[in-house]
Amino acid sequence: LKNMSAPRWDSALGELAYPVFLLHIPCRAAMSGLLGRTDAWVDVLAIGATFALSYLIVALVERPLSLIRAKLRSGDVIDRAKLVVWRPIT
């Protein structure tokens, strides 16, 4: 079993696990508040919104930060032009 590689969907679900854990209750509360009802369709919409937001968090936050962390740990020079730096609007 050690030499077997995990399927791609397995690692994708693994990446989504923590954001789904963090977002599932706020998404459910937001959906029931926006729609003004609490039935099974609200749950279905909340599940879809949870997975969509979780994917965005992984794609836009976790993956770029893990690349930066890996470069910092390896000692490579980080090309600052490729990094998006947040600056306050003045």
Side-chain angles (χ1 to χ4, degrees):
L1 289 174
K2 286 183 180 181
N3 295 332
M4 293 177 58
S5 63
R8 187 177 177 118
W9 60 266
D10 185 44
S11 58
L13 283 178
E15 284 184 340
L16 290 175
Y18 190 63
V20 165
F21 167 72
L22 291 177
L23 294 173
H24 75 280
I25 291 176
C27 282
R28 172 62 166 86
M31 287 295 168
S32 63
L34 286 172
L35 298 176
R37 48 189 238 195
T38 56
D39 57 9
W41 289 110
V42 173
D43 292 336
V44 170
L45 290 174
I47 290 169
T50 299
F51 276 95
L53 287 174
S54 296
Y55 175 79
L56 288 174
I57 287 174
V58 168
L60 299 175
V61 177
E62 289 190 23
R63 286 184 187 156
L65 285 179
S66 68
L67 292 174
I68 292 169
R69 184 176 38 237
K71 285 191 176 205
L72 288 174
R73 286 183 179 165
S74 70
D76 288 348
V77 176
I78 296 176
D79 185 7
R80 294 184 188 271
K82 291 183 180 178
L83 295 178
V84 177
V85 179
W86 180 83
R87 292 190 179 101
I89 299 172
T90 56

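Note that these values count all heavy atoms, side chains included, but never hydrogens, waters or copies made by symmetry. Along the sequence shown, residues carry numbers from 1. Here the structure is a predicted model, which is why all the values come from computation and not from measurement.
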Start with the C-alpha gap between Val42 and Asp39, add the side-chain angles, then the distance that decides, and say whether side-chain contact (heavy atoms from CB on, under 4.5 Å) holds. CA-CA 6 Å; Val42 173; Asp39 57 9; 3.3 Å; yes
Start with the C-alpha gap between Thr50 and Ser54, add the side-chain angles, then the distance that decides, and say whether side-chain contact (heavy atoms from CB on, under 4.5 Å) holds. CA-CA 6 Å; Thr50 299; Ser54 296; 4.2 Å; yes
Dump the intermediate steps for side-chain contact (heavy atoms from CB on, under 4.5 Å) on Asp43 and Met31, then the final yes or no. CA-CA 8 Å; Asp43 292 336; Met31 287 295 168; over 6 Å; no
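The CG atom of Leu56 lies 13.5 Å from the CZ atom of Phe51; values are rounded to the nearest 0.5 Å. Here Ile57 contributes atom CD1 and Arg63 contributes atom CZ; the two are 12.5 Å apart, rounded to the nearest 0.5 Å. Remark: Leu23 CG to Arg28 CZ distance equals 15.5 Å, nearest 0.5 Å.
Side-chain contact between Leu45 and Leu35: present, with at least one pair of heavy atoms (C-beta onward) separated by less than 4.5 Å. Between Leu53 and Val20, every side-chain heavy-atom pair lies at or beyond the 4.5 Å cut-off.
Shown here for Pro64 and Ala59, the closest heavy-atom pair between the two residues is CD-O, 3.4 Å.
Summarising the local packing, CD1 of Ile25 is surrounded by 12 or fewer heavy atoms from other residues, nucleotides or ligands at distances under 6.0 Å.
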